[in-house]
Number of protein chains: 2
Amino acid sequence: MLKKERHDFIMRQINLHNRVLTSDLVQLLNVSEDTIRRDLQELVDENLLYKVHGGALSKSYHSSFDDSTVYARDSKIAIGKKAVQLIKDGMVVLTGGGTTILEFVKLLPQGLSATFFTISPLVAVELAKYNNIEVILIGGLFSKNSQVTYGGQVITQLSEIKADLCLMGTSAIHPDEGLTDTYWEINQLKKAMLACAKKTAVLCISEKLDIALRLRVCPIESISYLITELDLDHESLSRYVEKQLNIL
Amino acid sequence: MLKKERHDFIMRQINLHNRVLTSDLVQLLNVSEDTIRRDLQELVDENLLYKVHGGALSKSYHSSFDDSTVYARDSKIAIGKKAVQLIKDGMVVLTGGGTTILEFVKLLPQGLSATFFTISPLVAVELAKYNNIEVILIGGLFSKNSQVTYGGQVITQLSEIKADLCLMGTSAIHPDEGLTDTYWEINQLKKAMLACAKKTAVLCISEKLDIALRLRVCPIESISYLITELDLDHESLSRYVEKQLNIL
DNA sequence: TATATTATTGCAAAAACACGCAAATACACG
DNA sequence: CGTGTATTTGCGTGTTTTTGCAATAATATA
């Protein structure tokens, strides 16, 4: 088996299970521990996974608890500031959940008059602090992990909305694979959100760039704006610039 | 399970419940006490939590004074404790919003398995901390004052629900006038909530007794339980006892 | 205060790791 | 084709990390 094949295999395992054990890979791929270790190290160097004692973890897995702490808050604020520029008086905006979106909401100008649909209770509460923003919370099953509403009812309601702009956080974005996700329900949800907005902005801290997970939400071309904390000319973004994406 | 995964698991528990017990973690993660203790120590070193005798506490728990600023919190906790007695496994419960309900939710037993419908985002977030509770957030326009969803869409959705018990806070209750309210929309909302539950419990701190406002929600007879922080034989309750109300 | 629970410390075994080295293989170029 | 170079892989060695155990100390709860 070629090295590249092993690497691909490892990445597939990672995206499938969010983690791999060195010992498992030794058995599955039938090579020595050292080889696996070297493979993992090389993948780390390519910024594709996260190495820990005993194996490796998906970079996006990282987010599961980071979301609830104030992880990378500065970056998120930087992203929020950029996102605010997209919002104009009178707009109808649809937002997802997550801490990045929450930071964005906190940065909105006080006088803004707009209509916000959201699937995140916390975002709704934060939006309610603005007098001239009308807030509509889209109801349904409430996800304990991602703290947003989801399920059939949400998707039905989304289909009745026509928004000017959809703002969503992301678990993974990749220049070729586009937006991807791990959970089926969240995947469906994001698709529905995309479908009901004229334009979509993806808020994404840089460490989630260049990651592809199991389920495809949409190709990169379906996204109108990509907002990261990086400068436009940062090399990590070059592959996205090529794709004609509007990058803030 | 990898060490990093354990750490993430612990942090998730901490962020969810604001605290963890060492002994619980030992069982959940199936490792020795020493390992858990070392894990906690490492997380302390990373400045992610506080360690105390018996377990650990969330850092943000200490810095957020939200709890202590709740008006008449002791009374509300007393009410919450009584209300918890009404909840049994397998129930379908509908709740309104407000700080009293929120305190009640925090007092639910960990293992409870039930379905909760709610119009309050904050209640939904709090309920999501219980693994075996299914949470359905009823969506619609979001009220900046009362922090609950309201309006036609909410009422439509409520009409499709059949709950065993409805728990609501109240702005005013009076032995002759029953439940009353000031705002038309909230009034409509409460009527709809009452209509879809077999029984209704009203959570009410004593200072809201014997008050009648402009708009009538329902006569006192439509209420199944009245829960206050007072003892059953307190004189303020005598007029309600006469009305055959179940008083806790 | 007495008792049970929880912490701390040091230790040892097992597992995982890093490093250098050498054999095998693939590649480049005259 | 032959020779020199680079890459890949596995092995041996010593080191580090992780984990559980036991003995002792500290702390809660009655």
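Just so we're on the same page: letters track the sequence lines, and every chain starts at 1.
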Test side-chain contact (heavy atoms from CB on, under 4.5 Å) applied to A/L215 - qualifying residues, sequence neighbours left out: A/W184, A/N187

Under 4.0 Å protein heavy-atom contacts per nucleotide of nucleotides 21-27 of chain D, with B for base, S for backbone only and - for none: BB----S

A/Y240: side-chain hydrogen bond (donor to acceptor under 3.5 Å, both in side chains) partners, not counting sequence neighbours: A/D210

Of all pairs that satisfy side chain to side chain donor-acceptor pair (under 3.5 Å), the ones with a partner from residues 77-95 of chain B, not counting sequence neighbours: B/T95-B/T118

Rounded distance [0.5 Å steps], CD in A/E42 versus NZ in A/K3: 3.5 Å

Interatomic distance, B/N30 CG vs D/dT19 P [rounded to whole Å]: 13 Å

Sugar-phosphate only, base, or nothing, as touched by B/V26 at under 4.0 Å among non-hydrogen atoms: nothing

Interatomic distance, A/L25 CG vs D/dT9 P [rounded to whole Å]: 14 Å

Selection residues 217-230 of chain A - residue pairs positive for salt bridge (Lys or Arg N to Asp or Glu O under 4.0 Å), sequence neighbours left out: none

For atom CG of A/L21 and atom C1' of D/dT18, their distance in whole Å: 15 Å

Distance test, side-chain N/O of A/T35 to OP1/OP2 of D/dT9, below 4.0 Å: no

Spacing between B/E42 atom CD and D/dT18 atom C1', to the nearest angstrom: 9 Å

Under the side-chain contact (heavy atoms from CB on, under 4.5 Å) test, residues paired with A/F9 that sit two or more places apart: A/R12, A/Q13, A/L25, A/L28, A/L29

Contact interval (first through last nucleotide) of DNA chain C with protein chain A, 4.0 Å heavy-atom: C/dA16 to C/dC19

Under the side-chain contact (heavy atoms from CB on, under 4.5 Å) test, residues paired with B/A172 that sit two or more places apart: B/T180, B/I211, B/L213

Residue pairs passing the side chain to side chain donor-acceptor pair (under 3.5 Å) test where at least one lies in residues 23-35 of chain B, sequence neighbours excluded: B/S32-B/T35, B/E33-B/R37

Counterpart residues, side-chain contact (heavy atoms from CB on, under 4.5 Å), relative to A/L102 (two or more places apart): A/L122, A/V123, A/E126

Difference in axis direction between the ends of the helix from C/dT1-D/dA30 to C/dG30-D/dC1, five pairs, 10°: 40°

Pairwise distance OG1(B/T228) to CD1(B/I79) - rounded to 0.5 angstrom: 6.5 Å

With sequence neighbours excluded, residues passing side-chain hydrogen bond (donor to acceptor under 3.5 Å, both in side chains) with B/D164: B/K198

